[in-house]
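First up is the structure itself, then whatever we jot down about it.
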Amino acid sequence: MTIQAPKGVPEYVPPQGDEFRYVRDQLATPAILAGYKYIELPYFEDVALYTKGIGESTDVVSKEMYTFTDRGDRQLALRPEGTAGVIRSVIENNLTQNGLPIKIWYAGAFFRAERPQKGRYRQLQQVGIEAIGAESPALDAEVIALGYEAFRRIGLTKFEIQLTSLGDSTTRPHYREVLTSFLSKLDLDSETQERVKLNPLRVLDDKRPEIQKQLVDAPLMINYLSDESKQYHESVKHYLLEAGIPFVDAPRLVRGLDYYTRTTFEFVHSGLGAQSGIGGGGRYDQLMGSLGGKDVSGIGFGLGVDRAYLACEAEGIDIRQALPKSMVLLSIGETHDPYAFKLAQELRANGFIVDYQAHAKNLKSGLKNADRLHAAIAILVGDDEVAANSVSIRMMDSGEQIMVLATNLILELSNRLTLGSNMWKEA
RNA sequence: GUGGGUGUAGCUCAGCUGGUAGAGCGCCGCGUUGUGGUCGCGGAUGCCGCGGGUUCAAGUCCCGUCACUCACCCCA
């Protein structure tokens, strides 16, 4: 038995690797354009951060964390989500000192010890943002808009924004009582009854038809909002409507993490099967305070890069054509290798993406190689070229080929590639 | 944790009521000794997941086991 990757861990090998990287980068771009600053955080944290921050009653904390004890007997956990770590860092580094709100973004891997299935992995990648220390419907709308833009940017169209408000600390307890008393009258299995006690809201999300049937008349949070929360929610919706960002009211929307209050949303894709959520987030009024920081509210989201990538596939989006085109430099026969090697260095120094394939057996096999590598341009260095201090530039799709002086190569390429020239270079 | 499906060539998969292994794609070579893709011809590749059982005979039937996968719970 050869060694395999751990169960439930996705891999993106070439050529998918570059496509995945593209998706991840594009998902982050709207936030960068909006002035959000990057934060690099640890991949493991004190277990207490998550039990206190996310809530012990959540599945994520109670049964899906990868926890371990280090040599100093510290209880640690691979991070299952991003927000708690961001808040911890904001508090620890006093980032709230220099004016609010602070807007940051992050990207990276998260870990959940779940049973894997399509689109649900034990190691998942997210791009996330957080805007901390300000409450205004405009900010909520901005965060939602940035998520919307992110998915649009990679070409997704078959998704919708589901939006609701989970109420504030003054109205939530009352609603919870109402809901609990409703649920306690239903015919539920013991496991679900247990969930009613722990977190009744989550029962609304149950997909089993026999449960859903009983929930048609369930009381909804949206009808129990305080005037203040209601007004705030209406205002958020108004901003979105004005900006032309489509959303649907989702009064039964529930999220898996306990810290969400008021504005709560999810990006749901229709082409993914069971794991349809490609992103989600919301506002958290108490999280900063409960972790020992300033008592201010924040809002953020996490976008699933793995699922976004799957969604592209489901929509038939051709990511490869969006990637930079590549050039292959071929030397025919060994004698020209040093000459070609030097040319490759020069091209790269000028920003071109150049794959140098040394000493092709003959031109035919060299071109075949270039074709297999999906090169858009082949630069040929053979006897004829070297004799004339030249190289040949061959456009692989048209077959058009010209010989130019080596000293003019950079200039020639730059001239020929003016249209969309960034397509040939690494950002 | 619960339920279903699948393990056969590098990949996707076919292989009927048991008779000793196949296709497409890819790969290598030749047609073409400086021109790739298309086309034609030729070629290589398998402990049929693993262990046991039934049988003259097992990829095929039975038992076990491992892995993968989809779905439920839950989540990005």
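Partner assigned to C61(B) is G53(B), using Watson-Crick or G-U wobble distances below 3.5 angstrom. In this entry U38(B) has no Watson-Crick or G-U wobble partner, no candidate having both defining distances under 3.5 Å. For G22(B), the paired base is C13(B) (Watson-Crick or G-U wobble, both distances below 3.5 Å). A71(B) is paired with U2(B) under the criterion used here, namely a Watson-Crick or G-U wobble arrangement in which both key atom distances are under 3.5 Å.
Between Tyr175(A) and Tyr224(A), the angle of the ring planes lies from 30° to 60°, which puts this pair in the tilted group.
When rounded to the nearest whole Å, the span between OH of Tyr121(A) and P of U69(B) equals 9 Å. Here the C1' atom of nucleotide C30(B) and the NZ atom of Lys368(A) are 10 Å apart, to the nearest Å. Counting to the nearest Å, the C1' atom of A76(B) and the CD1 atom of Ile278(A) are 9 Å from each other. Rounded to whole angstrom, the span from the CZ atom of Arg195(A) across to the P atom of C72(B) amounts to 13 Å. Distance Gln123(A) CD to A76(B) C1': 13 Å, rounded to the nearest Å. Rounded to an integer number of Å, the gap from CG of Leu201(A) to P of C74(B) is 13 Å. Remark: C1' of C75(B) and CG of Asp258(A) are 14 Å apart, rounded to the nearest angstrom. Atom NE2 of His336(A) and atom P of G34(B) are 12 Å apart (whole Å).
When distances are taken from the side chain of Gln401(A) to each of A76(B), U35(B), C74(B), the shortest belongs to U35(B). Each of G34(B), A71(B), A76(B) was ranked by its minimum atom distance to the side chain of Ala274(A); first place goes to A71(B). The side chain of Leu367(A) sits closest to U35(B) out of A76(B), C74(B), U35(B). Closest contact between the side chain of Lys118(A) and the listed nucleotides C70(B), C74(B), G34(B) involves C70(B).
Across all strands shown, Asp59(A) has heavy atoms under 4.0 Å from sugar-phosphate atoms exclusively, and none from any base. Using a 4.0 Å heavy-atom distance criterion, Asp306(A) is classed as making no nucleic acid contact. Note on Glu194(A): nothing from the nucleic acid sits closer than 4.0 angstrom, heavy atoms only. Nucleic acid contact for Gly399(A): base, since at least one base atom lies under 4.0 Å from a heavy atom of the residue. Across all strands shown, Leu124(A) has heavy atoms under 4.0 Å from base atoms, whether or not it also approaches the sugar-phosphate. Heavy atoms of Gly277(A) sit under 4.0 angstrom from primed sugar atoms or phosphate atoms, though from no base atom. Residue Asn369(A) is classed as having no contact, given no heavy-atom separation below 4.0 Å to the nucleic acid. Contact annotation for Glu266(A): no contact, since no heavy-atom pair falls under 4.0 Å across all strands. Note on Arg255(A): only backbone sugar-phosphate atoms sit closer than 4.0 angstrom, heavy atoms only; bases stay farther off. Note on Phe110(A): nothing from the nucleic acid sits closer than 4.0 angstrom, heavy atoms only.
Nearest-nucleotide assignment on RNA chain B puts the 5′-proximal partner with Lys7(A), out of Lys7(A) and Gly280(A). Checking Pro6(A) against Arg202(A), the closest nucleotide of RNA chain B that is more toward the 5' end is the one next to Pro6(A).
When the P atom is compared between U65(B) and C70(B), the two are found 23 Å apart, to the nearest whole Å. Atom C1' of C66(B) sits at a distance of 22 Å from the matching atom of A9(B), rounded to the whole Å. Only the P atoms considered, C63(B) is 15 Å distant from U54(B), to the nearest whole Å. G49(B) and A57(B) have their C1' atoms separated by 23 Å, with the value rounded to a whole Å. One P atom belongs to C28(B), the other to A44(B), and the distance between them is 16 Å to the nearest Å. Remark: the separation of the C1' atoms in G34(B) and C41(B) is 24 Å, to the nearest Å. Nucleotides U8(B) and C13(B) place their C1' atoms 9 Å apart, quoted to the nearest Å. Between G22(B) and G43(B), the two P atoms lie 14 Å apart (nearest whole Å).
Of the N and O atoms on the side chains of Glu315(A) and His269(A), at least one donor lies less than 3.5 Å from an acceptor on the other residue.
No hydrogens or angles were tested; on distance alone, a donor-acceptor pair under 3.5 Å links the side chain of Glu114(A) to the base of A76(B). With hydrogens and angles left out, the side chain of Lys364(A) and the base of U35(B) share no donor-acceptor pair within 3.5 Å. Residue Arg372(A) places no side-chain atom within donor-acceptor reach of the base of C27(B), judged by atom type and a 3.5 Å distance cut-off alone. Between the side chain of Asp371(A) and the base of G37(B), no donor-acceptor pair of N or O atoms lies under 3.5 Å.
For the side chain to side chain donor-acceptor pair (under 3.5 Å) test, residues two or more places apart in sequence or in another chain that qualify with Tyr232(A) are Asp140(A), Arg283(A). With sequence neighbours excluded, no residue forms a side chain to side chain donor-acceptor pair (under 3.5 Å) with Asp384(A).
In this structure a side-chain-to-backbone donor-acceptor pair under 3.5 Å is missing from Asn350(A) to Phe352(A).
A salt bridge does not link Lys52(A) with Asp46(A): every distance from a Lys NZ or Arg NE/NH1/NH2 to an Asp or Glu carboxylate oxygen is 4.0 Å or more. Looking at Arg262(A) and Glu135(A), a side-chain N of the basic residue comes within less than 4.0 Å of a carboxylate O on the acidic one, giving a salt bridge. A salt bridge links Glu142(A) to Lys103(A): one of the charged nitrogens lies within less than 4.0 Å of a carboxylate oxygen. Taking the charged nitrogens against the carboxylate oxygens, Glu400(A) and Arg394(A) have no contact shorter than 4.0 Å, which rules out a salt bridge. Under a 4.0 Å N-O distance rule, the pair Glu114(A)/Arg122(A) does not qualify as a salt bridge. Salt bridge present: Asp249(A) and Lys237(A) bring a charged side-chain N and a carboxylate O closer than 4.0 Å.
Put simply, Lys63(A) has no side-chain N or O that comes within less than 4.0 Å of OP1 or OP2 on C74(B). Note on Gln117(A): a side-chain N or O is less than 4.0 Å away from OP1 or OP2 of A71(B).
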Pairs under 3.5 Å (N/O, protein and nucleotides 2-9 of chain B):
| residue | atom | partner | partner atom | Å |
| --- | --- | --- | --- | --- |
| U2(B) | O4 | Arg115(A) | NH1 | 2.7 |

